[in-house]
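A quick write-up on the structure given underneath.
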Amino acid sequence: QKDEPKSEAWSLFPQWYKDGAPWIATDRRDYLRHEELAKRHPLLEDSADSVRVGIGVATGSDEILILPALDPTIEPSCQLPLILAGDVTPQTLNWSGHYLVNPYEAEGEGRLRELRNYPGLRAYLEKNRARLVKRHTAKKNPETWFRTIDRVVVSLAQEPKLLLPDIQAGGVVGLDEGKFYPHHNLYWITAQQWDLRALQALLRSSCVFNQVRAISVQMRGGSVRYQAQVLRKLRIPHVAKITDQLMMRLVSVAASANQQEIDSIATEAFAL
């Protein structure tokens with residue numbers, strides 16, 4: 001007769017995941033911890049009015065439509081300061097000076113520019129037309145061959161937002177006061193009712209990282225993916241439940257390099 005397996009190697013669940021739901025934990029304690037968060041706290045986008053999650057712009061041809069610096073031959077209004085994933089740290093944004101060649105009008109969101117009104121932009125795009133038309137989006141819409149894959153909503157650049165690189169080891173959440181447009185490898189969060197610095201601190205906490213690790217795809221080397229579908233499943237305290245004093249304390253550690261300090265205050269916010 002074989003020896004019975006040691007009891008600590010087993011976890012007894014109150015119920016297993018229903019209807020093919022993804023396994024967020026195989027340890028009972030982790031499972032119950034996630035269940036408790038779901039009971040106590042709303043999803044990120046329900047934590048306040050007007051919380052939005054999105055991804056930066058994909059161009060289909062970064063080597064042409066992303067510039068290392070402002071191009072004097074193209075109208076300045078057609079070039080947007082672009083923030084890249086490598087520019088983002090929790091402490092500050094180290095902008096590398098890149099610009100997006102923007103084919104969309106600033107007014108009337110989603111309307112492509114009439115190239116005849118922008119001779120500098122037109123000349124630049126025409127010079128690179130042979131390569132731009134080979135993109136899938138250009139083949140699908142040959143009349144607007146110069147468009148980016150994603151529509152550029154210019155007002156997003158001026159909107160304060162949190163920036164999260166897609167693939168990271170955890171805790172990299174930057175704050176843009178409203179200066180840059182995000183690149184495709186960055187996810188962004190806007191939230192008018194939140195003090196974004198307080199939300200930044202919560203998103204950098206171990207409580208949130210443990211949620212991301214449970215939900216996200218695990219990458220080689222221990223990195224995880226902060227994709228929109230992951231961010232939308234995160235549980236965050238409702239903004240109305242955060243007292244003014246606690247909000248100020250969260251703000252004070254938003255850019256801290258001390259993870260223990262962040263976690264201590266975030267634990268209070270999550271009421272753990």
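Computed from a prediction, not measured in an experiment: that's the story for all the values here.
Between F270 and H41, the ring-plane angle classifies as perpendicular under the 30° and 60° cut-offs.
Of all the heavy atoms in A48 and Q193, the pair that sits closest is CB-OE1, 3.4 Å. Here the closest heavy-atom approach between residue H238 and residue P42 is recorded as N-CD, 3.9 Å. Across all their heavy atoms, L156 and Y181 have their closest contact at CB-CE1, 3.8 Å. For the pair P165 and A85, the tightest heavy-atom approach, listed with the atom from each and the gap, is CG-O, 3.9 Å. Here the shortest heavy-atom pairing between G56 and D150 reads O-OD2, 3.6 Å. Nearest heavy-atom pair across P81 and W95 is CB-CZ2, 3.9 Å.
Residues V133 and I64 share a single hydrophobic cluster, defined by chaining ILVMFWY side chains whose heavy atoms lie under 4.5 Å apart. Under the 4.5 Å side-chain heavy-atom criterion for ILVMFWY residues, no single connected hydrophobic cluster contains both V51 and V251. There is a path of hydrophobic side-chain contacts, each under 4.5 Å, that joins V208 to L246. Side-chain heavy atoms closer than 4.5 Å link hydrophobic residues (I, L, V, M, F, W, Y) into clusters, and following such links, possibly through other members, connects L70 to L67. Connection of I167 to I83 is not established within any shared hydrophobic cluster, with ILVMFWY side chains joined at heavy-atom distances below 4.5 Å, either directly or through further cluster members.
Between I236 and W194, some side-chain heavy-atom pair lies under the 4.5 Å cut-off. K179 has its side chain out of reach of L93: every pair of non-hydrogen atoms, C-beta onward, lies at least 4.5 Å apart. L186 places none of its side-chain heavy atoms less than 4.5 Å from the side chain of L84. A 4.5 Å side-chain heavy-atom check between L44 and R232 finds every atom pair outside the cut-off. The shortest distance between side-chain heavy atoms of V57 and L80 does not fall below 4.5 Å. Side chains of Q168 and F209 form no contact here, defined as non-hydrogen atoms less than 4.5 Å apart. The closest side-chain heavy-atom distance from V173 to P90 is not below 4.5 Å. Side-chain contact between D166 and Q227 is present, with at least one heavy-atom pair separated by less than 4.5 Å.
Residue-environment remark: CD (E143) stays at or below the threshold of 12 foreign heavy atoms within 6.0 Å. The number of heavy atoms from other shown groups lying within 6.0 Å of CD (Q192) does not exceed 12. In the displayed structure, E63 atom CD is contacted under 6.0 Å by more than 12 heavy atoms of other residues, nucleotides or ligands. Surrounding CG of N258 are more than 12 heavy atoms belonging to other residues, nucleotides or ligands, all under 6.0 Å away.
The OH atom of Y226 sits 10.5 Å away from atom CD1 of I215, with the distance rounded to the nearest 0.5 Å. Put simply, CG on L199 and CE on M247 are 9.0 Å apart, with the number rounded to the nearest 0.5 Å. In this structure, CZ in F180 is found 15.5 Å from CD in E159, a value given to the nearest 0.5 Å. Separating the CZ atom in F146 from the CG atom in N141 is a distance of 10.5 Å, to the nearest 0.5 Å. In this structure, CG in L121 is found 5.5 Å from CG in L115, a value given to the nearest 0.5 Å. Rounding to the nearest 0.5 Å gives a distance of 13.0 Å between SG of C207 and CD1 of I262.
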- Message: With side-chain contact (heavy atoms from CB on, under 4.5 Å) as the criterion, how do H184 and I55 come out once you've worked through the C-alpha distance, each side chain's angles and the decisive distance to 0.1 Å?
- Response: CA-CA 6 Å; H184 186 66; I55 190 172; 3.5 Å; yes
- Test log, rule side-chain contact (heavy atoms from CB on, under 4.5 Å), inputs E126 and R129: CA-CA 5 Å; E126 288 288 355; R129 181 169 185 152; 3.4 Å; yes
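Of the N and O atoms on the side chains of H98 and D87, not one donor lies less than 3.5 Å from an acceptor on the other residue. Looking only at atom types and distance, the side chain of S47 has no donor-acceptor partner in the side chain of E45 under 3.5 Å away.
One N or O on the side chain of R204 and one on the backbone of S256 form a donor-acceptor pair closer than 3.5 Å. With hydrogens and angles ignored, the 3.5 Å screen pairs a side-chain donor or acceptor of T267 with a backbone N or O of D263. Between the side chain of Q79 and the backbone N or O of D71 there is at least one donor-acceptor pair closer than 3.5 Å. Of the possible polar contacts, none joining the R213 side chain to the G222 backbone as a donor-acceptor pair under 3.5 Å is found.
A salt bridge is absent between E75 and R113; no separation between the charged side-chain nitrogens and carboxylate oxygens falls under 4.0 Å. Comment: R116 engages E114 in a salt bridge, judged by a side-chain N to carboxylate O separation of less than 4.0 angstrom.
The only member of L65, V101, L112 that meets side-chain contact (heavy atoms from CB on, under 4.5 Å) when paired with T148 is L65.
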